[in-house]
Trainee: 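Please read through the structure below; I'll follow up with questions.
A quick note: this is a predicted structure, and the numbers were derived from the prediction, not measured.
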Amino acid sequence: MPHTLPALPYAYDALEPVIDARTMELHHTRHHAAYLATLNRLLGRSEFLRETPLEDILLDIRRVPEDIRQDVRNYGGAHLNHCLFWRVMSPSGGGEPTGLLGQVLEAEFGGVTRFRERFSEVAMRRFGSGWAWACVDANGSLELTSTPNQDPPIMLGLRPILGLDLWEHAYYLQYQHRRIDYVHAWWDVVDWGHVTELYTHAMELVARARHPQ
């Protein structure tokens, strides 16, 4: 069954002034939609690709025919990454997480401020196009990392709970070369409620892996 472009949970101008409406519209309706169209065309080439969940395809990428393997990796990763990206932002975002996630960030990073600083450092160290991530690893710890191009963290055995798109199309209309300004401003739209939901789900998957039924 073809994958579909997810509707944004907010209007294109809802994240202004952090991300302008034109950038959001182009990013969603042109870039993400184009990735998706190519992905569906690639997956349509075999019953295995059509019927297998996308995450499972990427986790066992060697089962994909070699002539389209890299393209499936690129466009499949792009779709997964963007589906998460849209959801971890909100016009009512910003501030600091409370409850469980706030406690975890205090324990593992020394607080939200230090977490944000380290995540931003990871983002700024990414050369060229890619993503910055906060992920839950197989032991249930939070790991900060970045991936090149559209590589999804699941291919590294990580469950992403927060991701920042560092491709130029995500910010260049508004920020031009000033990636650092984009990274710093982005925190004002992070939806900590949804990030907490992703963290809780990731920890449930870790627990299941440790203690299978």
Side-chain angles (χ1 to χ4, degrees), residues 1-9 26-89 122-123 125-171 194-195 197-210 212-213:
M1 188 172 182
H3 295 274
T4 59
L5 185 69
L8 298 188
L26 289 172
H27 198 169
H28 182 245
T29 65
R30 302 294 177 87
H31 292 280
H32 190 175
Y35 296 144
L36 191 56
T38 301
L39 175 65
N40 282 328
R41 177 175 55 78
L42 292 166
L43 299 185
R45 292 182 51 169
S46 77
E47 183 177 357
F48 162 71
L49 294 176
R50 288 193 301 272
E51 301 300 327
T52 304
L54 182 57
E55 286 195 4
D56 292 346
I57 292 173
L58 294 171
L59 286 171
D60 196 8
I61 195 70
R62 289 172 297 180
R63 293 189 64 187
V64 177
E66 186 174 0
D67 63 322
I68 61 170
R69 188 176 300 158
Q70 187 61 50
D71 285 341
V72 169
R73 175 175 180 162
N74 290 342
Y75 294 103
H79 180 51
L80 285 185
N81 293 346
H82 282 86
C83 285
L84 182 142
F85 182 57
W86 307 133
R87 302 294 298 186
V88 298
M89 299 186 293
V122 168
R125 285 199 302 270
R126 167 50 55 193
F127 180 78
S129 300
W131 292 74
W133 303 100
C135 304
V136 173
D137 68 17
N139 297 314
S141 298
L142 277 180
E143 179 176 329
L144 300 182
T145 190
S146 70
T147 56
N149 303 313
Q150 295 289 358
D151 283 1
I154 61 166
M155 297 185 75
L156 303 175
L158 302 171
R159 288 280 167 186
I161 65 168
L162 183 64
L164 175 59
D165 191 344
L166 298 172
W167 284 64
E168 287 187 343
H169 61 243
Y171 64 87
H194 189 66
V195 176
E197 291 176 9
L198 292 174
Y199 174 77
T200 301
H201 179 62
M203 292 301 289
E204 290 172 351
L205 294 176
V206 169
R208 272 186 231 157
R210 287 176 172 173
Q213 295 292 327

Trainee: Just wondering, do Val88 and Leu198 contact through their side chains at under 4.5 Å, heavy atoms?
Mentor: yes
Trainee: In the structure I gave you, are the side-chain heavy atoms of Pro160 and Ile154 within less than 4.5 Å of one another anywhere?
Mentor: yes
Trainee: Which heavy atom of Pro65 sits nearest a heavy atom of Leu49, and at what distance?
Mentor: CD-CD1, 4.5 Å
Trainee: Around atom NE2 of His169, are there more than 12 heavy atoms from other residues, nucleotides or ligands closer than 6.0 Å?
Mentor: yes
Trainee: Compare every heavy atom of Leu164 with every heavy atom of Ala123, then report the nearest pair and how far apart it is.
Mentor: CB-CD2, 4.4 Å
Trainee: Of all residues at least two apart in sequence or in a different chain, which pass the salt bridge (Lys or Arg N to Asp or Glu O under 4.0 Å) check with Arg45?
Mentor: Asp67
Trainee: Rounded to the nearest 0.5 Å, how far does CG of Leu166 lie from CZ of Arg125?
Mentor: 12.0 Å
Trainee: Which heavy-atom pair separates Gln150 from Asn74 by the least distance, and what is that distance?
Mentor: CB-O, 3.3 Å
Trainee: Heavy-atom count check: over 12 atoms from other residues, nucleotides or ligands less than 6.0 Å from Arg69 CZ?
Mentor: yes
Trainee: Taking the inter-plane angle between the rings of Phe85 and Trp131 on a 0 to 90° scale, is it parallel (under 30°), tilted (30 to 60°) or perpendicular (over 60°)?
Mentor: perpendicular
Trainee: Can you list every pair that meets side-chain hydrogen bond (donor to acceptor under 3.5 Å, both in side chains) and has a residue in residues 57-66, with sequence neighbours left out?
Mentor: none
Trainee: Got a second to check how far Leu156's CG is from Leu59's CG, nearest 0.5 Å?
Mentor: 10.5 Å
Trainee: Is there a side-chain contact between Pro148 and Arg126 in this structure, where contact means two heavy atoms from C-beta onward sitting under 4.5 Å apart?
Mentor: yes
Trainee: Give, for atom CG of Leu162 and atom NE2 of His194, the distance between the pair rounded to the nearest 0.5 Å.
Mentor: 10.0 Å
Trainee: Using 30° and 60° as the class limits, which term best fits the ring planes of His31 and Tyr35: parallel, tilted or perpendicular?
Mentor: tilted
Trainee: Write down the atom of Ala134, the atom of Leu144, and the distance for their closest heavy-atom approach.
Mentor: CB-CD2, 3.7 Å
Trainee: Under the salt bridge (Lys or Arg N to Asp or Glu O under 4.0 Å) rule, collect the residues that match up with Glu197, sequence neighbours excluded.
Mentor: none
Trainee: Tell me the closest heavy-atom pair linking Ile161 and Ala202, and the distance in Å.
Mentor: CG2-CB, 4.4 Å
Trainee: side-chain contact (heavy atoms from CB on, under 4.5 Å) with Asp137: which residues, sequence neighbours excluded?
Mentor: Asn139, Ser141, Glu143, Leu158
Trainee: For the CZ atom of Arg41 and the CD1 atom of Ile68, what is their distance to the nearest 0.5 Å?
Mentor: 9.0 Å
Trainee: With sequence neighbours excluded, what pairs up with Arg87 under the salt bridge (Lys or Arg N to Asp or Glu O under 4.0 Å) test?
Mentor: none
Trainee: Are any side-chain N or O atoms of Arg50 and backbone N or O atoms of Leu43, one a donor and one an acceptor, separated by less than 3.5 Å?
Mentor: no
Trainee: Just verifying a value: how many Å separate Leu54 CG and Leu80 CG, rounded to the nearest 0.5 Å?
Mentor: 4.5 Å
Trainee: Of the non-hydrogen atoms in Trp86 and Pro6, which two are nearest, and what is the gap between them?
Mentor: CD1-CG, 4.3 Å
Trainee: Flag the pair Asp71 / Thr38 as yes when at least one side-chain heavy-atom distance between them is below 4.5 Å, and no otherwise.
Mentor: no
Trainee: If I take atom NE2 from residue His79 and atom CG from residue Asn40, how far apart are they, to the nearest 0.5 angstrom?
Mentor: 7.5 Å
Trainee: Can you list the residues that meet the side chain to side chain donor-acceptor pair (under 3.5 Å) rule with Asp151, with sequence neighbours excluded?
Mentor: Arg73
Trainee: Does atom OH of Tyr171 have more than 12 heavy-atom neighbours from other groups under 6.0 Å away?
Mentor: yes
Trainee: Between Glu55 and Arg159 (salt bridge meaning N to carboxylate O under 4.0 Å), is one present in this structure?
Mentor: yes
